[in-house]
Amino acid sequence: MTAAVLACVLGLAACNDDAAGAGSPTTGQRQAGMPYTGNDPCALLKPADLPELNQDSQIQPTALNGSTCAGDDFMVQISDGVDGGLGDMQATGPGAKPIPDVGGYKAALRQTTIPGQTNCGVVLQVTETQLVQVFVTKSDPKLACDTANKAAAIVAGRLPK
């Protein structure tokens, strides 16, 4: 399953066909800079935080690099140096849509489907140049997006204000 999450996430990150206005911020920014840089992305979300995430104790979230943490059916990714935040970020390519703020952060939702799986991602604009993306992969599209929204709210509560 981790491979499916990675495939979906990498596919999302490669997009850069944002339609005018798609994912554009509608409220003010919280702060400038990159407040979460250098912190452990695995500290932002754990399977125990949500019963909808895979609870198999044999499968632990893994830090893939300094900015990504992958669990069996979820991924948290910190993106630094994104000019223009949600309005210009690559991950909001086709199909991304703005959603109500999550935990006080501007947010966008992106859903993709691969055979038998739906990947739903909620992207939080932490600052003008830093985004935190929360992806969940499930066979049920509604469950994937509902879980991604819940997970994003947990992550938002753990980000520095």
Side-chain angles (χ1 to χ4, degrees), residues 1-18 23 34-82 85-86 88-99 101-103 105-127 129-160:
M1 176 77 75
T2 300
V5 174
L6 282 172
C8 284
V9 170
L10 295 175
L12 290 176
C15 298
N16 195 16
D17 297 330
D18 193 14
M34 294 178 257
Y36 209 76
T37 300
N39 290 292
D40 179 7
C42 289
L44 293 173
L45 184 65
K46 299 184 183 329
D49 293 331
L50 280 174
E52 296 89 345
L53 296 176
N54 186 338
Q55 298 297 312
D56 185 343
S57 63
Q58 299 294 322
I59 303 171
Q60 295 298 314
T62 304
L64 301 176
N65 57 42
S67 63
T68 303
C69 181
D72 183 52
D73 55 355
F74 75 93
M75 180 176 288
V76 176
Q77 185 173 39
I78 301 165
S79 302
D80 292 333
V82 180
L86 287 177
D88 292 336
M89 67 171 233
Q90 293 179 351
T92 62
K97 62 179 183 176
I99 60 173
D101 288 3
V102 175
Y105 295 100
K106 294 177 195 175
L109 180 82
R110 173 77 193 269
Q111 182 177 329
T112 59
T113 302
I114 59 173
Q117 299 290 317
T118 296
N119 181 274
C120 199
V122 175
V123 185
L124 305 174
Q125 182 172 338
V126 179
T127 70
T129 59
Q130 188 172 60
L131 305 170
V132 174
Q133 304 172 70
V134 181
F135 300 96
V136 174
T137 301
K138 299 284 185 190
S139 58
D140 177 345
K142 181 173 179 0
L143 180 60
C145 289
D146 288 350
T147 305
N149 278 305
K150 290 177 186 176
I154 291 168
V155 168
R158 292 183 176 153
L159 292 170

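Only heavy atoms go into these numbers, but all of them, side chains included; no hydrogens, no water, no symmetry mates.
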TODO: Could you tell me whether the side chains of Thr137 and Asp73 share a donor-acceptor contact shorter than 3.5 Å?
DONE: no
Open item on the list: Whether the Gln133 and Ser79 side chains hold a donor-acceptor pair (N or O, under 3.5 Å, no angle test) is what I'd like checked.
Closed with: yes
- [ ] For the pair Thr127 (side chain) and Thr129 (backbone), establish whether a donor and an acceptor sit closer than 3.5 Å, ignoring hydrogens and angles.
- [x] yes
TODO: Determine the minimum heavy-atom distance between Pro47 and Gln55, stating which atoms define it.
DONE: O-NE2, 2.6 Å
Open item on the list: For a 4.5 angstrom cut-off between non-hydrogen side-chain atoms, does Leu50 reach Val136?
Closed with: no
TODO: Could you pull out all residues at least two apart from Asp140 that satisfy salt bridge (charged side-chain N to carboxylate O under 4.0 Å, His left out)?
DONE: none
- [ ] Check whether any side-chain N or O of Lys138 sits under 3.5 Å from a backbone N or O of Thr147 as a donor-acceptor pair, and report yes or no.
- [x] no
- [ ] Report the residues that fulfil side-chain hydrogen bond (donor to acceptor under 3.5 Å, both in side chains) with Asp146, sequence neighbours left out, ordered by chain and then residue number.
- [x] Lys142
Task: Whether Arg110 side chain and Gly121 backbone form a donor-acceptor pair below 3.5 Å - done: no
- [ ] Quick one: closest heavy-atom pair of Ala152 and Leu124, and the distance?
- [x] O-CD1, 3.8 Å
- [ ] Give the minimum heavy-atom separation between Gln117 and Ser139, together with the two atoms involved.
- [x] OE1-N, 3.8 Å
Open item on the list: Please check: side-chain N/O of Gln60 versus main-chain N/O of Gln58, any donor-acceptor pairing under 3.5 Å?
Closed with: no
- [ ] May I ask you to decide if Ala70's main-chain N or O and Gln77's side chain share a donor-acceptor pair within less than 3.5 Å?
- [x] no
- [ ] Give a yes or no answer on whether the side chain of Gln125 reaches the backbone of Tyr105 with a donor-acceptor pair at less than 3.5 Å.
- [x] no
Task: Where Cys42 and Ala63 come nearest, the two heavy atoms and their spacing - done: SG-N, 3.7 Å
- [ ] Run through Thr68, Asp40, Val132 and flag the one making a side-chain contact (heavy atoms from CB on, under 4.5 Å) with Val76.
- [x] Val132
- [ ] Using the test side-chain hydrogen bond (donor to acceptor under 3.5 Å, both in side chains), find all partners of Asn54 that sit at least two apart in sequence or belong to another chain.
- [x] Asp72
Task: Shortest non-hydrogen separation from Pro141 to Thr118 and the atoms involved - done: CG-OG1, 3.4 Å
Task: CA sep, side-chain torsions, deciding dist, call: Met75, Cys69, side chain to side chain contact (heavy atoms under 4.5 Å, CB included) - done: CA-CA 6 Å; Met75 180 176 288; Cys69 181; over 6 Å; no
Task: Straight-line distance of Leu109 CG to Ile99 CD1, nearest 0.5 Å - done: 5.0 Å
